[in-house]
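Sending over a structure as structure tokens; questions will come in a sec.
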Number of protein chains: 2
Amino acid sequence: MAQSETVDRILDAAELLFAERGFSETSLRQITSKAGVNLAAVNYHFGSKNALIQAVFARFINPFTRILRERLEAGAKADTPLTLEALLGIITTSIIQVPSRTHNGLSIFMRLLGLAYTQSQGHLRKYLEQQYSAEFRLFMRLLREATPDLTPVERFWRIQFMLGATAFTISSTSALSGILEKELGVETPVEQIIQELVPFLSAGIQARSLQGDPLARRVSK
Amino acid sequence: MAQSETVDRILDAAELLFAERGFSETSLRQITSKAGVNLAAVNYHFGSKNALIQAVFARFINPFTRILRERLEAGAKADTPLTLEALLGIITTSIIQVPSRTHNGLSIFMRLLGLAYTQSQGHLRKYLEQQYSAEFRLFMRLLREATPDLTPVERFWRIQFMLGATAFTISSTSALSGILEKELGVETPVEQIIQELVPFLSAGIQARSLQGDPLARRVSK
DNA sequence: ATCCCTGTCAAACGTATGTTTCAAACAACC
DNA sequence: GGTTGTTTGAAACATACGTTTGACAGGGAT
């Protein structure tokens, strides 16, 4: 009963600290002291630190995956295949629409996602892969249909470029926003960064590949 | 005398292990035992673990920056401003031409760069920024001239996307190449991946931004 | 030969980590 | 009201970490 109280306090503190400093750099003592609970509570409720990390993710990702899957399946059922922009739009709006407890829950979520991909936490990647492989494969199928002109090799690498741009940017958002604000006096909410990403990715993925020398190609504007 | 021997062995082992597991996840004992030197050697030669991390970077980045700066300055002296493709070409070829000790030194380098950006190692970011700010600013100026149509905010974020796509992809090359080879029976050398990158980035950076798109606009918290 | 500087080595230091233990407090049920 | 199962609490556990120490070896230089 009072159980959920402690569990939630731990999850709240953990997700904040993880996003701030990374996984290895955050100790259970920092988490429990910020949460105002006993140190042993983590191991009692979650079993281990790794399990806590996965639980933090599950709380974020499960709602997102549910929303995303619905939309992807709706898109897959349509008569005409989705355009690339529509496909990317589905993902971004799904992310944005995940209900978040805190006011900047989204940026924390994205930062965690970036960390997960970047930081070589074997257990986390394995967990995410086997947990959400169905959605990932569906997305890949739709992407294939949306970019019929690409060769498989081109498509493979451009997916990596896309993932890289996204994960990398988002995972360093907090630091970057600070720089941008200092230099340009502007502040960019995560929602807008995601919006900025779509045209970039869309154009990049559909770019004409250069065969021959790179300098001869002209850009259409 | 035999000094350089030990220092190099440490740097070699450290750069490999850092790239493999990350900075916090790699202990000095792992490094020194892989290098076959005494544990105390790190603190003797470098002073601290953080200083070792910075030294690993310096060994990679210094030659690259030298090559890059020469070419950028040459490009800046020309009468007509560089095209975006030419600018990106300068960077990619500079990266490729960095002499590397090992056969996949390039992918290690990029992986480290990605980690530096992502892992919130304050000292490292500070070190890199103040060490190579001149080259970075020059590049930014040339990029600004190459993309006069972008707003500053757009340009800022697209640079991040570009960095992300590059660092992320190249850094996980070894793993990704394996996947690609298994699934498509093709093998892609790093140099070709970089070639694949140029059109992607070029098109992405110059993409028309979607503004006034009411689709996913949202009230800020 | 003596001194000194440099580099190596094994051992220890102090601290922080994740995890376990076990008694006490609590709530729920018969 | 006593019993049971669940949750907290303070303390200890074992281990791993980065760093420091002091002894020792090898050459050059004086």
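Each chain gets a letter, A, B and so on, in the order the sequences are listed, and its residues count up from 1. Values reported hereafter were calculated over all heavy atoms of this structure, with side chains retained and with hydrogens, waters and symmetry mates removed.
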Practice prompt. Could you please spell out the steps behind the side chain to side chain contact (heavy atoms under 4.5 Å, CB included) verdict for A:Asp12 and A:Arg59?
Written response: CA-CA 10 Å; A:Asp12 287 341; A:Arg59 194 168 64 149; 2.9 Å; yes

Discussion item. Quick test of your reading of the model: are A:Lys77 and A:Glu73 salt-bridged, counting only N-O distances below 4.0 Å?
Written reply: no

Practice prompt. Respond yes when some side-chain nitrogen or oxygen of B:Ser27 is under 4.0 Å from OP1 or OP2 of D:dA16, and no when none is.
Written response: no

Discussion item. Taking any heavy-atom pair under 4.0 Å as a contact, classify B:Thr26: base, sugar-phosphate, or nothing.
Written reply: sugar-phosphate

Fill in: Derivation and outcome, salt bridge (charged side-chain N to carboxylate O under 4.0 Å, His left out), residues B:Arg66 and B:Glu70
CA-CA 6 Å; B:Arg66 224 184 39 245; B:Glu70 283 173 14; 5.0 Å; no

Worksheet item: Once you round to the nearest 0.5 Å, how far does CD1 of B:Ile31 lie from CD1 of B:Ile10?
Response: 8.5 Å

Worksheet entry | Separation of atom CZ in A:Phe23 from atom P in C:dG18, rounded to whole Å | 14 Å

Discussion item. Taking the side chain as everything from C-beta on, heavy atoms only, tell me whether B:Leu11 gets closer than 4.5 Å to B:Leu52.
Written reply: yes

Worksheet item: Could you give the CZ-to-C1' distance, from A:Arg21 to C:dT17, as a whole number of Å?
Response: 15 Å

Item to complete: Specify the separation, in whole Å, of atom CZ of A:Arg9 and atom P of D:dG9.
Response: 10 Å

Item to complete: Give the rounded distance in Å between these two atoms: CD1 of B:Ile31 and C1' of D:dT19.
Response: 14 Å

Worksheet item: Between the two ends of the helix from C:dA1-D:dT30 to C:dC30-D:dG1, what is the bend in degrees, rounded to 10 degrees, where each end axis spans five pairs?
Response: 20°

Worksheet item: Do the rings of A:Phe57 and A:Phe23 sit parallel, tilted or perpendicular, given the 30° and 60° boundaries?
Response: tilted

Worksheet item: Going by atom types only, do B:Arg158 and B:Thr147 share a side-chain donor-acceptor pair under 3.5 Å?
Response: no

Item to complete: For D:dT7, take OP1 and OP2 only and decide whether either is under 4.0 Å from a side-chain N or O of A:Thr6.
Response: no

Pairwise N/O distances under 3.5 Å, protein to nucleotides 19-24 of chain C:
{"from": "C:dT19", "atom 1": "OP2", "to": "A:Asn43", "atom 2": "OD1", "distance (Å)": "3.3"}
{"from": "C:dT19", "atom 1": "OP2", "to": "A:Lys49", "atom 2": "N", "distance (Å)": "2.9"}

Practice prompt. Quickly work out the B:Ile53 CD1 to D:dC17 C1' distance and round it to whole Å.
Written response: 14 Å

Item to complete: Establish, with yes or no, whether the OP1 or OP2 oxygen of D:dT8 is under 4.0 angstrom from a side-chain nitrogen or oxygen of A:His45.
Response: yes

Worksheet entry | Euclidean distance, atom CD1 of residue A:Ile10 to atom P of C:dG18 [Å, nearest integer] | 13 Å

Item to complete: Name the orientation class of the two ring planes belonging to B:Tyr132 and B:Tyr127 (parallel below 30°, tilted from 30 to 60°, perpendicular beyond 60°).
Response: perpendicular

Practice prompt. Report the distance from atom CD1 of A:Ile91 to atom CZ of A:Phe64, rounding to the nearest 0.5 Å.
Written response: 6.5 Å

Item to complete: Would you mind reading off the distance between A:Glu25 atom CD and C:dT17 atom P, rounded to a whole angstrom?
Response: 12 Å

